[in-house]
**Student:** 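Got a structure here, written out as structure tokens. Questions coming.
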Amino acid sequence: MDGKRMGLILSLCAVAFAMASGSAAYPSGFGFDSGVCGAETVEGGGGGDGRRRIMDISHAIREDMLSWDSAEGLGSFLWLALSMRNGSLANSSVMKLPTHTGTHVDSPAHVFQEYHDAGYDVDTLDLHTLNGPALLVDVPRDKNITAMVMESLSIPKGVKRVLFRTLNTDRNLMLKREFDTSYVGFMKDGAQWLDIIVVEGLKLDNVKPGLYSLHCLHLRLIGAEGSPIRCILIE
Ligand SMILES: *[C@@H]1O[C@H](CO)[C@@H](O)[C@H](O)[C@H]1NC(C)=O
Ligand SMILES: *[C@@H]1O[C@H](CO)[C@@H](O)[C@H](O)[C@H]1NC(C)=O
Ligand SMILES: *[C@@H]1O[C@H](CO)[C@@H](O)[C@H](O)[C@H]1NC(C)=O
């Protein structure tokens, strides 16, 4: 990992999301929540009684979202390739974006040549890895995640999925256009505590530490070492 800290850039909602705020696109009655900034709570499914709270912990992908090592941010990523206004049967957009944009998963092929050579793309990830009980923990804000920090968290034995909320959330790093290299991440000895599949850039403001049911689904991109991922927590 040659000094590269693994991200897990977590964030705090402070500005209106371009997509979510376009609530006119979703007339009431369609069952869509208009994405109130902060809570991002969707009362999904359940049909009335016994509804469980669903928390959206993925970031909306926007043009002014940060992009790895860039000061300019993501930029244009969506084009209307076919448009009804121009005589096409339907509107249809084309998108182009780095596979490690926003909330995303890394396959082992992202940083390990041997896994790359063995074909471990995102499509080989076992769905059980990122779906099941998960513990959300707050890490100390004054250091990167070392082995000592990992020890201090006293994560109970048997816990297989952990979400780490860090200073990055307090600093709103995911909502800044410019990539901030001072982000908090795992130091090598902290990472060696774990043998992990990494999801980076979760949106964990307004979620309390504790145990949840985690559901993360990425795209089946053959040959890709990363993919945008949609993650939700259910209480
Ligand atoms: C429609 O076609 C015009 C003329 O070719 C072009 O300038 C415009 O960008 C197109 N608009 C869309 C939405 O495709
Ligand atoms: C199709 O795209 C055009 C151009 O952006 C837009 O004006 C129009 O409202 C869209 N139509 C539908 C049905 O979404
Ligand atoms: C984490 O490490 C980065 C890179 O060395 C550094 O810029 C940052 O200040 C560290 N964060 C904390 C909270 O110590």
Side-chain angles (χ1 to χ4, degrees), residues 1-12 14 17-35 59-71 73-97 100 103-104 106 110-111 136-155 162-194 196 198-205 207 209:
M1 229 145 288
D2 53 272
K4 174 185 176 274
R5 281 156 304 123
M6 288 190 282
L8 285 119
I9 301 178
L10 319 173
S11 185
L12 183 78
F17 292 118
M19 306 263 298
S21 61
S23 53
Y26 301 146
S28 58
F30 271 55
F32 289 104
D33 187 281
S34 59
H59 280 280
I61 297 175
R62 330 169 299 269
E63 290 190 0
D64 64 352
M65 164 173 257
L66 81 177
S67 194
W68 176 263
D69 231 3
S70 158
L74 180 60
S76 302
F77 64 95
L78 201 59
W79 296 267
L80 197 58
L82 298 175
S83 111
M84 296 168 80
R85 188 177 279 168
N86 280 6
S88 291
L89 202 58
N91 282 352
S92 183
S93 299
V94 168
M95 68 179 175
K96 180 180 178 191
L97 75 175
H100 303 267
T103 308
H104 67 275
D106 290 346
H110 184 40
V111 285
L136 168 59
V137 296
D138 266 309
V139 304
R141 298 303 202 249
D142 59 344
K143 35 178 110 59
N144 278 287
I145 306 174
T146 59
M148 222 197 278
V149 169
M150 285 303 297
E151 227 155 300
S152 76
L153 296 174
S154 318
I155 295 166
V162 186
L163 308 182
F164 299 89
R165 180 164 53 191
T166 70
L167 181 65
N168 302 334
T169 293
D170 306 351
R171 294 179 66 207
N172 291 341
L173 290 194
M174 287 295 286
L175 297 179
K176 293 181 176 158
R177 181 190 291 259
E178 190 172 344
F179 189 84
D180 188 332
T181 56
S182 70
Y183 66 88
V184 166
F186 282 90
M187 302 308 289
K188 197 168 183 178
D189 63 342
Q192 279 167 348
W193 249 70
L194 311 151
I196 53 168
V198 196
V199 174
E200 296 181 325
L202 290 167
K203 181 179 177 303
L204 295 176
D205 58 298
V207 187

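Ligands are counted one by one from 1 in listed order, and the atoms in each one are counted from 1 as well. Computation of the quantities below employed the complete heavy-atom set of this structure, encompassing side-chain atoms and omitting hydrogens, waters and symmetry-equivalent molecules.
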**Student:** Please list, by chain and number, the protein residues whose heavy atoms come under 4.0 Å of ligand 1.
**Tutor:**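 Lining ligand 1 at under 4.0 Å, by heavy atoms, one finds Leu80, Ser83, Asn86.
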**Student:** Work out which heavy atom in Pro140 is nearest to a heavy atom in Val149; give both atom names and the distance.
**Tutor:**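 It is CD-CG1, 3.8 Å.
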**Student:** At less than 4.0 angstrom from any non-hydrogen atom of Arg141, what atoms of ligand 3 do you find?
**Tutor:**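 Per the distance check, 13 (C).
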**Student:** Check each atom of ligand 3 against the heavy atoms of Ser182 and keep those under 4.0 Å away; list them by number with element.
**Tutor:**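 What qualifies from ligand 3 is 7 (O), 8 (C).
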**Student:** Among His59, His110, Glu200, which one satisfies side-chain hydrogen bond (donor to acceptor under 3.5 Å, both in side chains) with His104?
**Tutor:**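 That would be Glu200.
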**Student:** Would you say Tyr183 has any N or O atom under 3.5 Å from an N or O of ligand 3, going by distance alone?
**Tutor:**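 No.
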**Student:** Take Glu63 and Leu78 through the side-chain contact (heavy atoms from CB on, under 4.5 Å) test and state the conclusion after the steps.
**Tutor:** CA-CA 9 Å; Glu63 290 190 0; Leu78 201 59; over 6 Å; no
**Student:** With rounding to the nearest 0.5 angstrom, report the OH to CG distance, Tyr183 to Leu167.
**Tutor:**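 These two atoms lie 13.5 Å from each other.
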**Student:** Just jot down the side-chain hydrogen bond (donor to acceptor under 3.5 Å, both in side chains) partners of Asp138, sequence neighbours excluded, or say none.
**Tutor:**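 So Asp138 forms a side-chain hydrogen bond (donor to acceptor under 3.5 Å, both in side chains) with Arg141, Arg165.
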**Student:** Can you list the ligand 3 atoms lying under 4.0 Å from a non-hydrogen atom of Asp142?
**Tutor:**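 Those qualifying, in numeric order: 13 (C), 14 (O).
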**Student:** Please walk me through it: do Arg62 and Leu175 pass side-chain contact (heavy atoms from CB on, under 4.5 Å)?
**Tutor:** CA-CA 10 Å; Arg62 330 169 299 269; Leu175 297 179; 3.6 Å; yes
**Student:** Assess the residue pair Leu194 and Phe186 against the criterion (side-chain contact (heavy atoms from CB on, under 4.5 Å)); give the C-alpha distance rounded to whole Å, side-chain angles, the decisive distance to 0.1 Å, and a yes or no.
**Tutor:** CA-CA 10 Å; Leu194 311 151; Phe186 282 90; 3.6 Å; yes
**Student:** Any donor and acceptor pair, going by atom type alone, linking the side chain of Asn168 with main-chain N or O of Val184 inside 3.5 Å?
**Tutor:**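 At least one qualifying donor-acceptor pair exists.
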